[in-house]
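Below is one structure, written out as structure tokens; comments come after it.
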Amino acid sequence: MSINNKKKQIIASCISIDSITNDDISDLLISPPSQDLGDFALPCFRFAKILKKSPLAIAEDLAQSISEANKNKFASIIAVNGYLNFKFNPLESAKQILAEILEKKSGFGSSTIGAGKTICIDYSSINIAKPLHIGHLSSTIIGSALYKVYKKLGYNAVGINHLGDWGTQFGKLIVAFDLWGNMAALKKEQIPYLSKIYVKFHEEAQNQPELNDQARAAFKKLEDGDLHAIELYSVFKKITLQDVAKIYKILHVHFDSLNGEAFFNDKMTPVIDELNNLKLTEISDDALVVRLSDYDMPPCILIRSDGATLYATRDLAAAYYRKEKYDFHKCLYVVAYQQNLHFKQIFKVLELAGKKWAKDMVHVPFGMVSLEDGAMSTRKGNVILLKDVIDKSIEKSLVILKSKSPKLKNKRSLATKIGVGAVVFFALSNNRIKDIIFSYDKILSFDGETAPYVQYTNVRALSVLKNMNVDLNKYFTNHLTDDELKGLDNKESALLVSLFEKFPDILSDVLDKYEPSILTRYIIDVAKAFNKFYLENRILNAPDEFKRSRAALTYATHIIICEGLKLLGIDTPEEM
Ligand code: ARG
């Protein structure tokens, strides 16, 4: 039961009205117009008939009828204009929420609200034979965080890496490889080798335009199932996937499907036929298009004048397929804002085709990523490889660790958790639509709003718990007593408790807005609140009767930080 429901039940158990059940009372409770009045308000208008009294009188009489023992659970109970307002005693709130977190541990905040609903999430969606550059970071980690939060709330999330594995560029690669390629070198150098021969192809084609014809012919062969073409293509694909798997692993990113553009190559005809039959298409400059001028958009091109299908055609086929296969409740596309128009066109075509589910398709756009020195990912060469950014962040973390904590063992493994976490946390810190600029100093700062700051806070909490020298599972078996809870009678504790109570709502908010930064901000708030608590209140040296409640608050902080970071794909080092 969620903490709010539990609190409603507590209120209900304090009220007794003939023929009204606790559940009725609990269902009636609403939020008062202002927090000053209380946490919950019971409108008494419904009871006027049964009790044959005015709501005003009922509210006042009910307030009187509550027993002294029950009254202690509340800071105030006030009757105003026919409403009975309840404000929980902060220590009662602490008792409830700590019991729940310590019992559920990493399961705290989980729910079944999404049961029976499937959410398709298209993220990362990399292009075969091309390296992952910094621009792929956002799609990959925003999508992955949403995927994890959906699962936590009981949805059936389907992670889809819609691979860019089809198109004329594969004709170019095949020609380039046949002319200059070497299999041993390819297997050794992997994706960079493919980039190299691809660039060479473009250079050479400037003087030998016939190469372009050869590339078209090679792609045609691939489409027609030529064995040699398929063999090379498969090697390119396999090598790319092996290479990126290392990055996905380090980022804790998982996919349920790798069906990309090639997969939809033979699934476009029925879609095009359907659009033709619905009279949505027309021929324009020898191309087959869906005109969208009524909606202020350029036409959606389905078949080019040379007979080739396009990215958009495959996306339409993919949408049909996903609906058919997964019967999704929603289908998200975590793709840069540069593709806003593309998705608006796709969704409009689906709507025109009478697909009611077109309204369930959501483009989740995000801004550009660049480095502080002005470097940016561009179409021509000069790309910042994601791997390089991650490696550099790890190296810098290692340098920091060596100077801050020279005695630590396993420095490299710790630096990996810190360095990778720093990159991911920073990229998820701002509203996703904002462009972001990376600065290693900023993302690795131990006292900024960064992963290292949060990770360090967790290490601090862990070290307190370790120094308690108790078996945590047994230590908290018995509920905290009222005397013990008095250890939390301070404003730092109250702030932490109110943050803990918000965790489930934060997760729903992340999904409502498709915005992992809500969780990032929240984790920062928890870390800051804990550090304040830690500074102002003794824990290990606290008076004996306060130790357990303060340790419980510390343990709950650790649980929430770890779970929050895990949902973002970030590790929590045990030492720093
Ligand atoms: N591969 C594409 C790109 O790098 C992104 C694909 C996004 N997903 C989709 N279904 N269109 O631009």
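Just so it is clear, the structure is predicted and the values come from calculations on it, not from any experiment. For ligands, and for the atoms within them, numbers begin at 1 and follow the listed sequence.
Distances between N or O atoms of His136 and those of ligand 1 include no value under 3.5 Å.
For the residue pair Tyr248/Ser124, the side-chain donor-acceptor check at 3.5 Å is satisfied. Neither side chain, His342 nor Asn340, offers a donor N or O lying under 3.5 Å from an acceptor on the other. In summary, the side chains of Thr118 and Asn156 do present a donor paired with an acceptor at a separation below 3.5 Å, with no hydrogens or angles considered. Side-chain polar atoms of Ser445 and Asp447 form a donor-acceptor pair below 3.5 angstrom.
Taking a cut-off of under 4.0 Å to the non-hydrogen atoms of Tyr333, the atoms of ligand 1 that pass are 10 (N). Those atoms of ligand 1 that come under 4.0 Å of a heavy atom in Phe343, given as number and element, are 11 (N). Ligand-side atoms of ligand 1 in range of Tyr311: 2 (C), 5 (C), 6 (C), 7 (C), 9 (C), 11 (N), range being under 4.0 angstrom from any heavy atom. Taking every non-hydrogen atom of Gln339 and a distance limit under 4.0 Å, the qualifying atoms of ligand 1 come out as 3 (C), 12 (O).
The shortest contact between atom 2 (C) of ligand 1 and any protein heavy atom is with Ser125 O, 3.7 Å. Atom 8 (N) of ligand 1 has its closest protein heavy atom at Asp122 OD1, 3.1 Å. Remark: minimum distance from atom 4 (O) of ligand 1 to any protein heavy atom is reached at Asn127 ND2, 3.1 Å.
Contacts between Leu163 and ligand 1, counted as non-hydrogen atom pairs separated by less than 4.0 Å, are absent for every part of the residue. With a heavy-atom cut-off of 4.0 Å, Phe264 does not touch ligand 1 at all.
Within 6.0 Å of atom CG in Leu179, more than 12 heavy atoms from other residues, nucleotides or ligands are found, so the atom counts as buried in its surroundings. Tyr456 OH: 12 or fewer foreign heavy atoms inside a 6.0 Å radius.
Ionic pairing of Lys502 and Asp525 is not present here: no N-O contact between side-chain nitrogen and carboxylate oxygen is shorter than 4.0 angstrom.
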